[in-house]
Amino acid sequence: MKRILVTGGAGFIGSHLCQRLLDEGNEVICLDNFFTGSKENIRSFVSNPMFELVRHDITEPVLMEVDQIYNLACPASPVHYQYNPVKTIKTSIMGALNMLGLAKRVRARILQASTSEVYGDPKVHPQTEDYWGNTNPIGPRSCYDEGKRCAESLMFSYHKQNGVDIRVVRIFNTYGPRMHENDGRVVSNFIVQAIRGRDITVYGEGTQTRSFCYVDDLVDGLIKMMNAEGLTGPVNLGNPGEFTVMELAEKVKKLVNSSSKIIKKDLPQDDPKQRQPDITLASQKLGWAPVVDLDDGLAKTVAYFNSVLRKGDAAGARLA
Ligand code: NAD
Ligand code: UDP
């Protein structure tokens, strides 16, 4: 049993990670400022005596005795991270500094949630960890991707200079239950639009690609990486199945049996044209590969949103 700190633990991925760590018999401290996270996400285990919730902003230092730190705190949807870009940069950089300071002081192992965004609009396909990326340092996505690049740099600097025991993972587009209905990312947008019978909004021509990983697979990879010996990373974690955004829209429409129309809207600036992880390293070093394919993962996510949206509608009707 270990005492484990999960920053961003009330968010989408963080809440699944907390759940899994508790199930494995650990003590879990969830630290979150609830910018995009929610108490609803942690409701099913908040009364577990092995679980502690701390409302805290990681841009401020914190001191606690822990064995491991998963640093996940950071808004991940472009809509949310562009809402207050300066705060997003502070969260990535000051957050990483504070968590690395803590790791150094209490000799904890620390895992940084980095992102496929560090590859920007990639010129190497699929993306391997040795690719340095193609990011725009002053564009609308830079608060997120440059923040994460700096967080990686901080991790490796603390490792080389102070011997901090680090792990860096680059997470590719992940989806599943507990995404917020207004999260703004493509999978939740399309599913909510399809269930509601609203237009499904494809940005641009929909020819850009993404590779979608189901959250349970991702959490499995995070835990394997944290507990691997002699491996700092960076290691890509994602599902190599690559789809165009139009293919995703059509899949979701069919799965929901929706009457929605698929419409095209403007493509956001600097939207990466293609993205697919090369996961050779994760498979060789961690014995990890995703097992949930897109159809199965989407079916589980649709079932989740069907139930959440139905509950929301029933509550709305009671108030009316
Ligand atoms: P999310 O927005 O659901 O979760 C982020 C959590 O961090 C939320 O609970 C939020 O309230 C919290 N948070 C934000 N700023 C904070 C601050 N200053 N102090 C304390 N808490 C703060 O997003 P997610 O999809 O669960 O992403 C989790 C992590 O994984 C992020 O670091 C993200 O960059 C990374 N990641 C996610 C994806 C993905 O596809 N989901 C892809 C690449 C990387
Ligand atoms: N996208 C879309 N419609 C939406 C939301 C997103 O077509 O309603 C596109 C977006 O332009 C991008 C892809 O879907 O090309 C993935 O977007 P998301 O915000 O989920 O994540 P990203 O990988 O861009 O960070």
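Between the side chain of R170 and the main chain of S114, no donor-acceptor pair closer than 3.5 Å is present. Checking side-chain atoms of W288 against main-chain N and O of L281 turns up no donor-acceptor pair under 3.5 Å. Distance alone, capped at 3.5 Å, places no donor-acceptor pair between the D266 side chain and the G204 backbone. T209 contributes no side-chain N or O that, together with a main-chain N or O of V245, makes up a donor-acceptor pair within less than 3.5 Å. In this structure, K148 contributes its side chain and A113 its backbone to a donor-acceptor pair below 3.5 Å. A donor-acceptor pair under 3.5 Å is absent between the side-chain atoms of D199 and the main chain of I263, judged by distance alone. Of the possible donor and acceptor atoms, one in the side chain of R167 sits under 3.5 Å from a partner among the backbone N and O of L231. Side-chain atoms of S92 never come within 3.5 Å of backbone atoms of I89 as a donor-acceptor pair (strictly under, hydrogens ignored). No side-chain donor-acceptor contact under 3.5 Å links N239 to the backbone of P290.
No more than 12 heavy-atom neighbours from other residues, nucleotides or ligands sit within 6.0 angstrom of CG on N257. Other residues, nucleotides and ligands contribute more than 12 heavy atoms inside 6.0 Å of the CG atom of L63. The environment of E65 atom CD is sparse: at most 12 non-hydrogen atoms of other residues, nucleotides or ligands sit within 6.0 angstrom. Within 6.0 Å of atom OH in Y304, more than 12 heavy atoms from other residues, nucleotides or ligands are found, so the atom counts as buried in its surroundings. Around atom NZ of K285, no more than 12 heavy atoms belonging to other residues, nucleotides or ligands sit under 6.0 Å away.
K87 has its side chain out of reach of Y81: every pair of non-hydrogen atoms, C-beta onward, lies at least 4.5 Å apart. No side-chain heavy atom of V202 sits under 4.5 Å from any side-chain heavy atom of K265.
L5 and F45 sit in two unconnected hydrophobic clusters of ILVMFWY residues. Membership requires side-chain heavy atoms under 4.5 Å apart, directly or through other members.
Between F212 and Y175, the ring planes lie perpendicular to each other; the angle is over 60°, past the 30° to 60° tilted range. Using cut-offs of 30° and 60° for the angle between ring planes, the F35 and H80 rings count as perpendicular.
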Run L111 and N71 through side-chain contact (heavy atoms from CB on, under 4.5 Å) and show every step you take. CA-CA 6 Å; L111 178 145; N71 190 28; over 6 Å; no
Determine, stepwise, if the pair Q193 / T201 fulfils side chain to side chain donor-acceptor pair (under 3.5 Å). CA-CA 8 Å; Q193 289 163 342; T201 54; 2.9 Å; yes
CA sep, side-chain torsions, deciding dist, call: D67, N26, side-chain contact (heavy atoms from CB on, under 4.5 Å): CA-CA 11 Å; D67 304 303; N26 299 290; over 6 Å; no
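With salt bridges taken as basic N to acidic carboxylate O contacts below 4.0 Å, none links D145 and R149. Salt-bridge annotation for R210 and E242: absent, with no side-chain N of the basic residue lying under 4.0 Å from a carboxylate O of the acidic one. Taking the charged nitrogens against the carboxylate oxygens, R55 and D32 have no contact shorter than 4.0 Å, which rules out a salt bridge. A salt bridge between K253 and E250 is absent, with no side-chain N of the basic residue lying under 4.0 Å from a carboxylate O of the acidic one. Checked for salt-bridge contact, R141 and E117 meet the test: a charged N lies under 4.0 Å from a carboxylate O. The pair R178-D183 fails the salt-bridge criterion, with no side-chain N (NZ, NE, NH1 or NH2) lying under 4.0 Å from an Asp/Glu carboxylate O. Under 4.0 Å is where a charged nitrogen must lie from a carboxylate oxygen, and between R20 and D220 at least one such pair does.
At least one test fails for K264 against the ring of Y203: distance under 6.0 Å to the centre or angle within 45° of the axis.
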